[in-house]
Visitor: 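Pasting a structure here, questions to come.
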Amino acid sequence: EADIYQTPRYLVIGTGKKITLECSQTMGHDKMYWYQQDPGMELHLIHYSYGVNSTEKGDLSSESTVSRIRTEHFPLTLESARPSHTSQYLCASSEYGAGGRNNEQFFGPGTRLTVL
Amino acid sequence: AQKVTQAQTEISVVEKEDVTLDCVYETRDTTYYLFWYKQPPSGELVFLIRRNSFDEQNEISGRYSWNFQKSTSSFNFTITASQVVDSAVYFCALSEAGTGANNLFFGTGTRLTVIP
């Protein structure tokens, strides 16, 4: 059972508001990720982190930002939400594999964001 | 460039039927990893299996089985005696060892509906 948490699970907010989506994991994983998923669509990586003080942009350009001050915490922030940001946001983590092995990622329950 | 194709967008089967979900991948790396995830209606992604490119041995786990064929670049997933609880979107994903970031590239998913 993976121990990765996301809050809130659902968020409806007006245009222009600043929001932060929280993600925490208790597994001590170094690597963490944020994905964006539109309904019925594939997942796209928007941010990832190798560890504390590391943040990288993913394959899909996003106006959001992330921070990694603590190993267990990887919040995502939108400074000014817009309707185009409406989507599901999934957080994931993985441990670094010995010998470069790519380990499976464990996912949180997701945050469904609606911007009106 | 890496790519994962899940040609079946939606599949419906009657309970107790067997069903195979197809996954075809493309990569130039000689070392890579393949994954299957299940996304039930609740939204979270549940890890099912990881396979590395050097291990073509097929795997069976209960009613689930996976067939990895490097010759055809396929990693198909079969559910035997399907149950209503198997209804979900299933994603195949690829990770290349050379990326270092352990990033997953997802297919577009196959929505499986098991009819009672």
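Lettering of chains follows the sequences in order, A, B, ..., and the numbering in each one begins at 1.
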Visitor: For residues A:His73 and A:Cys23, determine if any side-chain heavy atom of one lies less than 4.5 Å from a side-chain heavy atom of the other.
Guide: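 When only atoms from C-beta onward are counted, A:Cys23 and A:His73 do not touch, as no gap falls below 4.5 Å.
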Visitor: Going through the distances and angles, do B:Tyr25 and B:Phe75 end up as a ring pair (Phe, Tyr, Trp, His ring centres under 6.0 Å)?
Guide: CA-CA 8 Å; B:Tyr25 62 92; B:Phe75 186 44; 8.0 Å; no
Visitor: Are A:His85 and A:Gln36 close enough that a side-chain donor and a side-chain acceptor fall under 3.5 Å?
Guide: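 There is no such pair (donor and acceptor under 3.5 Å, judged by atom type) between the side chains of A:His85 and A:Gln36.
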Visitor: Identify which of B:Asn52, B:Val89, B:Leu104 forms the greatest number of heavy-atom pairs closer than 4.5 Å to chain A.
Guide: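 Winner by heavy-atom pair count: B:Leu104.
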Visitor: Hey, what do you get for NZ (A:Lys57) to CG (A:Leu45), rounding to the nearest 0.5 Å?
Guide: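 Answer for the NZ-CG pair, A:Lys57 versus A:Leu45, is 11.5 Å.
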Visitor: Where does A:Leu43 contact chain B at under 4.5 Å (heavy atoms): side chain, backbone, both or neither?
Guide: both
Visitor: Will you find, in the side chains of A:Tyr33 and A:Ser94, an N or O donor that is under 3.5 Å from an N or O acceptor?
Guide: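 Result is yes, a qualifying pair exists.
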Visitor: So which atom in A:Thr77 and which in A:Lys18 form the shortest heavy-atom distance, rounded to 0.1 Å?
Guide: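 Of all heavy-atom pairs spanning A:Thr77 and A:Lys18, the closest is CG2-CE, 3.8 Å.
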Visitor: Let me have the donor-acceptor pairs involving side chains of residues 106-116 of chain B, under 3.5 Å, with sequence neighbours excluded, atom names and distances please.
Guide:
| from | atom 1 | to | atom 2 | distance (Å) |
| --- | --- | --- | --- | --- |
| B:Thr110 | OG1 | B:Gln8 | O | 2.6 |

Visitor: Side chains of A:Asp38 and A:Ser87: any donor to acceptor distance under 3.5 Å?
Guide: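 Indeed, the side chains of A:Ser87 and A:Asp38 share at least one donor-acceptor pair under 3.5 Å.
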Visitor: Side chain, backbone, both or neither: which part of B:Tyr32 has a non-hydrogen atom closer than 4.5 Å to chain A?
Guide: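 For B:Tyr32, neither part sits under 4.5 Å from chain A.
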Visitor: Out of A:Glu56, A:His44, A:Gln37, which one racks up the most heavy-atom pairs below 4.5 Å with chain B?
Guide: A:Gln37
Visitor: If I measure from the heavy atoms of chain A, does B:Gln39 come under 4.5 Å with its side chain, its backbone, both, or neither?
Guide: side chain
Visitor: Heavy atom to heavy atom, less than 4.5 Å: which residues from residues 61-70 of chain B reach chain A?
Guide: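 Listed by number: none.
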